[in-house]
Amino acid sequence: MYNFNYHIPTKILFGQGKINELPAEIKAVASRILLVYGGGSIKRNGIYDALMPLLQEAGIEVVELSGVEPNPRVTTVIRGADLCREHKLEAVLAVGGGSTIDCSKVIAASALSEGAPWDLVTGKTPITTALPVFTILTAAATGSEMNNTAVISNMETNDKLGVKHDAMLPRASVLDPTYTYTTGHHQTAAGTADIISHTLENYFSKADDFTLLDGMAEAILRTCIQYGPTALKEPENYEARANLMWASSLAINGSVRWGKADAWSVHSMEHQLSAYYDITHGDGLAILTPAWMEHILSDATLDRFVRYGVNVWGIDPMLDKREIAERSILMTRDFFVRTLGIPGTLREVGIGEEHLQIMAEKASTPALQTSAYVPLFPEDVLAIYKRCL
Ligand code: NZQ
Ligand code: ZN
């Protein structure tokens, strides 16, 4: 196990009605805030109406930025940072899914930086500080509510890049499972696929001596396999929504990563798909994951797939190892496509062969070539993309 620092200062306010505790958290550091949200779901499902009187009672002045896109654009970050400077705002409150939260994080950093927002995302201008960020999560998926990462798109250059800094870690996040009741079939399925992928990115790691972390990862995976379908059938099943919501945070806040080397192979490949075709992140991951597994299965990786098949999918450990491994991949694909109803091929989400080569080159970062579980060079990524067509 490698050395690591454990540092997650985000206060989680988990459970029904916990929004009531948020104004006091904000008021401790800010009286004037930017409220950021997406295309309007929070107005349709009542979260906006519940929030505004609470902020008003606490004496918190609000400036609003609406219209954050799924796959948030740097142009929206610029608008938000301008509002923060113009109105001398002291904190940013994101109400939404990962896109709204990610956008808010980079707004918070850009508001206090001389650098252009895109330069903060690319790393050309380092992030050093940020306005305090608060979140109200409305979709279980990305874990952005409890990590230091934001993913921002620049559609002019077809780039979708992640940027990390502890200054962007939310100070407090409200996780009320009832707020995810309205997420709908597509977003619930895609969010579940995203949580699974975050867990797998760490589970398939170079070293295999992590009994504690592997057990935690397997529990998260089994939770998604159990409760994803329940949430699809019964959108207002509190236990299902609560389990998915907490799984979303734990899968990517470092809990199943610390001490491991990770390169995020499937995410690197998926971010190219959404950068070029603006598809739903979780759909891309679900399409790529089984193909990536088929590509990396070998004698060297066999035992890890056997562990995955037995402990996650309940496959009989007495079967031949190769059969267990192959069956685990089939069950993974079957879960995404048949159980969650996510498209199984790139063509079904409108992706053809036209950009595969350039996307493969961009996805195969130095990290993917050196620290991935199985190194992926451009020709490997291209082969995986082609398998998915
Ligand atoms: O915009 P609104 O109207 O709010 O609607 C959203 C949006 O259309 C809707 N939605 C969210 N909560 C809802 C709801 N609709 C009804 N009821 C609710 N309660 O869902 C749609 C998608 O929202 P979005 O925020 O885009 O989804 P998600 O949470 O999956 O976020 C995806 C983004 O996060 C990035 C992805 O790449 C993508 O850009 N990621 C961020 C990560 C991070 N910060 O650590 C890691 C992830 O791997 C990922 O890359
Ligand atoms: Zn993801």
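Ligands are counted one by one from 1 in listed order, and the atoms in each one are counted from 1 as well. Here, residue 1 is the first one in the sequence, and each next residue gets the next number.
Atom 29 (O) of ligand 1 has its closest protein heavy atom at Gly98 N, 2.7 Å. Nearest protein neighbour of atom 10 (N) of ligand 1, counting heavy atoms only, is Ser41 OG, 4.1 Å. Atom 41 (C) of ligand 1 has its closest protein heavy atom at Asp102 OD2, 3.1 Å. Scanning all protein heavy atoms for the shortest distance to atom 8 (O) of ligand 1 gives Pro70 CG, 3.9 Å. Looking only at protein heavy atoms, the nearest one to atom 25 (O) of ligand 1 is Ser99 N, 3.0 Å. Closest to atom 34 (O) of ligand 1 among all protein heavy atoms lies Thr142 CG2, 3.3 Å. Distance from atom 12 (N) of ligand 1 to its nearest protein heavy atom, with residue and atom name: Thr138 OG1, 2.8 Å. Of all protein heavy atoms, the one closest to atom 37 (O) of ligand 1 is Lys160 NZ, 2.7 Å.
Taking every non-hydrogen atom of Asn71 and a distance limit under 4.0 Å, the qualifying atoms of ligand 1 come out as 38 (C), 39 (O). Taking every non-hydrogen atom of Thr149 and a distance limit under 4.0 Å, the qualifying atoms of ligand 1 come out as 44 (N), 45 (O). In summary, the atoms of ligand 1 found under 4.0 Å from a heavy atom of Gly38, numbered by their order in the structure, are 1 (O). Applying the 4.0 Å criterion to heavy atoms of Ala141 picks out, from ligand 1, the atoms 29 (O), 30 (O). Counting the atoms of ligand 1 from 1 in the order shown, those under 4.0 Å from a heavy atom of Ile252 are 45 (O), 46 (C). Listed by atom number, the atoms of ligand 1 under 4.0 Å from Ser144 heavy atoms are 44 (N). Those atoms of ligand 1 with a heavy atom of Gly97 less than 4.0 angstrom away are 25 (O), 29 (O). In the vicinity of His267, heavy-atom distances shorter than 4.0 Å reach the ligand 1 atoms 48 (O).
When every heavy atom of Ala275 is checked against every heavy atom of Asp159, the shortest pair comes out as CB-C, 4.0 Å. Glu90 and Val29 get closest at one heavy-atom pair: CB-O, 4.5 Å. In plain terms, the two heavy atoms of Thr142 and Asn147 that are nearest each other are O-ND2, 4.2 Å. Taking every heavy atom of both residues into account, Ile19 and Val174 meet most closely at N-CG1, 3.9 Å.
The OH atom of Tyr179 lies 5.0 Å from the CG atom of Asp176; values are rounded to the nearest 0.5 Å. Atom CD1 of Ile252 is separated from atom CD of Glu201 by 9.0 Å, given to the nearest 0.5 angstrom. Note that OG1 of Thr188 and CG of Leu232 are 6.0 Å apart. Values are rounded to the nearest 0.5 Å. The CG atom of Leu288 sits 6.0 Å away from atom CG of Leu346, with the distance rounded to the nearest 0.5 Å.
No N or O atom of Ile42 sits closer than 3.5 Å to an N or O atom of ligand 1. The shortest N/O to N/O separation between Gly39 and ligand 1 falls below 3.5 Å. In terms of N/O distances under 3.5 Å, ligand 1 is not approached by Thr100. Residue contacts with ligand 1: Thr180 is placed with no nitrogen or oxygen under 3.5 Å of a nitrogen or oxygen of the ligand (distance criterion only). Inclusion of Ala139 in the set of residues having an N or O under 3.5 Å from an N or O of ligand 1 is not warranted.
Using a 4.5 Å heavy-atom threshold, the side chains of Glu145 and Ile101 count as touching.
Assignment of Ala190 to the shell around ligand 1 is not supported, since no heavy atom sits closer than 4.0 Å. Within the structure, the closest approach of Gly191 to ligand 1 does not fall below 4.0 Å when heavy atoms are considered.
Within the 4.0 angstrom cut-off, atom 6 (C) of ligand 1 has no protein heavy-atom neighbours.
Closest to the Zn ion (ligand 2) among the N, O or S atoms of Asp194 is OD1.
Summarising the contacts of atom 48 (O) of ligand 1 with His198, Glu145, Glu270, Lys105, the nearest heavy atom is found in His198. Taking only non-hydrogen atoms, the option from His281, His271, Gln187 nearest to atom 30 (O) of ligand 1 is Gln187. Residue nearest to atom 45 (O) of ligand 1, selected from Asp194, Thr280, Asn147: Asn147 (by heavy-atom distance).
Side chain to side chain, Asp166 and Asn148 meet the donor-acceptor criterion of an N or O pair below 3.5 Å. A donor-acceptor contact under 3.5 angstrom links the side chains of Glu348 and Thr345, judged on distance only. With no hydrogens or angles considered, no side-chain donor-acceptor pair links Glu114 and Thr125 at under 3.5 Å.
Note on Glu218 versus Arg307: salt bridge recorded, some NZ/NE/NH1/NH2 to OD/OE distance being below 4.0 Å.
Taking the six-membered ring for Trp and the full ring otherwise, Tyr308 and Phe204 have centroids separated by under 6.0 Å.
Geometrically, Arg304 engages Tyr203 in a cation-pi contact defined by less than 6.0 Å to the ring centre and at most 45° from the axis.
Rounded to the nearest 10 degrees, the angle NE2 (His198) to the Zn ion (ligand 2) to NE2 (His267) equals 90°.
Contacts of Tyr179 with ligand 1, taken as heavy-atom pairs under 4.0 Å, involve the backbone alone.
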Q) Can Arg327 and Glu323 be said to form a salt bridge (charged side-chain N to carboxylate O under 4.0 Å, His left out), step by step? A) CA-CA 6 Å; Arg327 212 181 265 198; Glu323 189 179 343; 2.8 Å; yes
Q.
Glu25 vs Arg171, test: salt bridge (charged side-chain N to carboxylate O under 4.0 Å, His left out). Steps then yes/no.
A. CA-CA 8 Å; Glu25 300 292 337; Arg171 299 285 176 103; over 6 Å; no
